[in-house]
Amino acid sequence: MKNDLKHISKFMSLVLRHQPEKIGLQLDENGWTTTEELISKLNAHGITTDFSVIELVVATNDKKRFSFNESKTKIRANQGHSIDIELNLAPVTPPDILYHGTTSRFLESILKTGLQKQNRQHVHLSADETTAKAVGSRHGKPVILTVKAQEMVNDGRIFFLSENTVWLTDEVPVQYIILPANE
Ligand code: HQG
């Protein structure tokens with residue numbers, strides 16, 4: 001079904017993180033747009049929706065990908081952007097260890113240059129292995145890397161925690177990465 005919640009949510013990820021211009025949407029420097037503009041541009045693009053549907057998408061999205069401002073007049077994606085926006089997150093001290101789910105075909109390159117943000121604005125890390133496994137599975141057979149987050153902090157590196165509890169950092173150089181025993 002073209003206009004079911006999942007379809008709307010995926011399309012919202014696309015326009016709020018990657019291609020706002022696809023429907024002529026304006027995002028401010030912090031990634032916000034007005035809820036009203038999002039709804040009208042979605043409708044103009046053939047995605048029939050209204051405030052109550054968007055509210056339901058924000059509330060029920062499996063990864064809490066979107067947030068409203070307090071008055072729900074503005075909306076943005078919590079993380080995962082490829083366009084250049086400033087989320088204005090405050091640095092947060094991470095747990096000693098974080099995890100990154102990837103897949104075996106990327107390992108050779110990761111071991112050369114460390115984890116790089118690729119098309120996104122940050123490297124994404126998880127506090128638990130289950131989440132990392134799910135993230136890695138999107139690319140192929142998952143490989144879970146252990147990241148020495150505490151050591152990175154000791155060396156002056158900064159971490160952020162997105163609204164939906166994804167850990168974000170600029171890059172993870174090779175010396176902070178531990179491979180699983182079988183790789
Ligand atoms: C890999 C989803 C070669 C990296 C998830 C990953 C996450 C390298 C891929 C969020 C590399 C990038 C982000 C290097 C990193 N050489 N490959 N030096 N450094 N890579 O999708 O972390 O559903 O941009 O291991 O839940 O997989 O969109 O990043 O495999 O939170 O909300 O390059 O996306 O959230 O892939 O996933 P991605 P990711 P959403």
Side-chain angles (χ1 to χ4, degrees), residues 4-20 22 25 27 30-33 38 42 54 56-68 75-87 89 91-92 94-95 97-149 151-152 157-183:
D4 66 10
L5 286 187
K6 184 148 190 196
H7 174 77
I8 293 172
S9 163
K10 284 201 159 206
F11 198 80
M12 280 168 55
S13 282
L14 177 73
V15 296
L16 293 175
R17 288 170 165 181
H18 308 295
Q19 286 180 45
K22 194 174 171 85
L25 196 63
L27 305 187
N30 306 125
W32 297 100
T33 186
L38 176 68
L42 287 175
I54 300 299
L56 200 59
V57 170
V58 173
T60 60
N61 184 266
D62 58 346
K63 288 192 191 166
K64 301 272 172 251
R65 290 181 177 89
F66 314 104
S67 285
F68 286 122
I75 186 168
R76 76 172 177 183
N78 286 324
Q79 40 68 232
H81 300 80
S82 57
I83 47 175
D84 188 17
I85 60 113
E86 173 53 61
L87 283 172
L89 298 171
V92 181
I97 292 294
L98 288 169
Y99 300 95
H100 177 84
T102 188
T103 191
S104 40
R105 73 178 183 285
F106 296 152
L107 280 184
E108 196 183 325
S109 165
I110 290 172
L111 290 177
K112 277 195 196 125
T113 61
L115 286 169
Q116 299 296 330
K117 51 193 167 187
Q118 312 292 53
N119 294 328
R120 307 211 188 226
Q121 292 217 297
H122 297 98
V123 172
H124 289 220
L125 302 163
S126 318
D128 65 283
E129 291 183 75
T130 312
T131 305
K133 191 170 180 185
V135 174
S137 302
R138 292 159 46 253
H139 302 286
K141 182 173 168 280
V143 174
I144 301 169
L145 305 178
T146 302
V147 170
K148 298 186 219 173
E151 277 190 30
M152 288 179 66
R157 292 178 182 274
I158 294 173
F159 288 81
F160 304 97
L161 184 58
S162 75
E163 190 69 30
N164 57 340
T165 68
V166 177
W167 286 94
L168 306 169
T169 196
D170 257 0
E171 63 164 345
V172 181
V174 182
Q175 68 264 33
Y176 303 109
I177 298 173
I178 305 172
L179 286 178
N182 55 347
E183 294 289 341

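Whatever order the structure lists them in is the order used to number ligands and atoms, beginning at 1. If you read the sequence from its start, that first residue is 1, and numbering goes on from there. Just so it is clear, the structure is predicted and the values come from calculations on it, not from any experiment.
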Region of [X] that comes within reach of ligand 1 [heavy atoms, distance under 4.0 Å]:
X	answer
Arg17	side chain
Thr113	side chain
Lys117	neither
Arg138	side chain

Problem set entry | Test side-chain hydrogen bond (donor to acceptor under 3.5 Å, both in side chains) applied to Ser82 - qualifying residues, sequence neighbours left out | His18
For this session: Mind checking side-chain hydrogen bond (donor to acceptor under 3.5 Å, both in side chains) for Gln116 and listing every partner two or more places apart, or none if nothing turns up?
Result: Glu171
Looking only at protein heavy atoms, which one is nearest to [atom], and what is the separation?
atom	result
atom 29 (O) of ligand 1	Arg120 NE, 3.8 Å
atom 3 (C) of ligand 1	Ser109 OG, 3.2 Å
atom 31 (O) of ligand 1	His124 ND1, 3.2 Å
atom 4 (C) of ligand 1	His100 NE2, 3.3 Å

Problem set entry | Contact with ligand 1 for Val135, non-hydrogen, under 4.0 angstrom | yes
Problem set entry | Stepwise salt bridge (Lys or Arg N to Asp or Glu O under 4.0 Å) check, Glu108 with Lys112 | CA-CA 7 Å; Glu108 196 183 325; Lys112 277 195 196 125; 3.7 Å; yes
Exercise. Testing Gln121, Arg17, His122 for side chain to side chain contact (heavy atoms under 4.5 Å, CB included) with Gln79, which one passes?
Worked result: Arg17
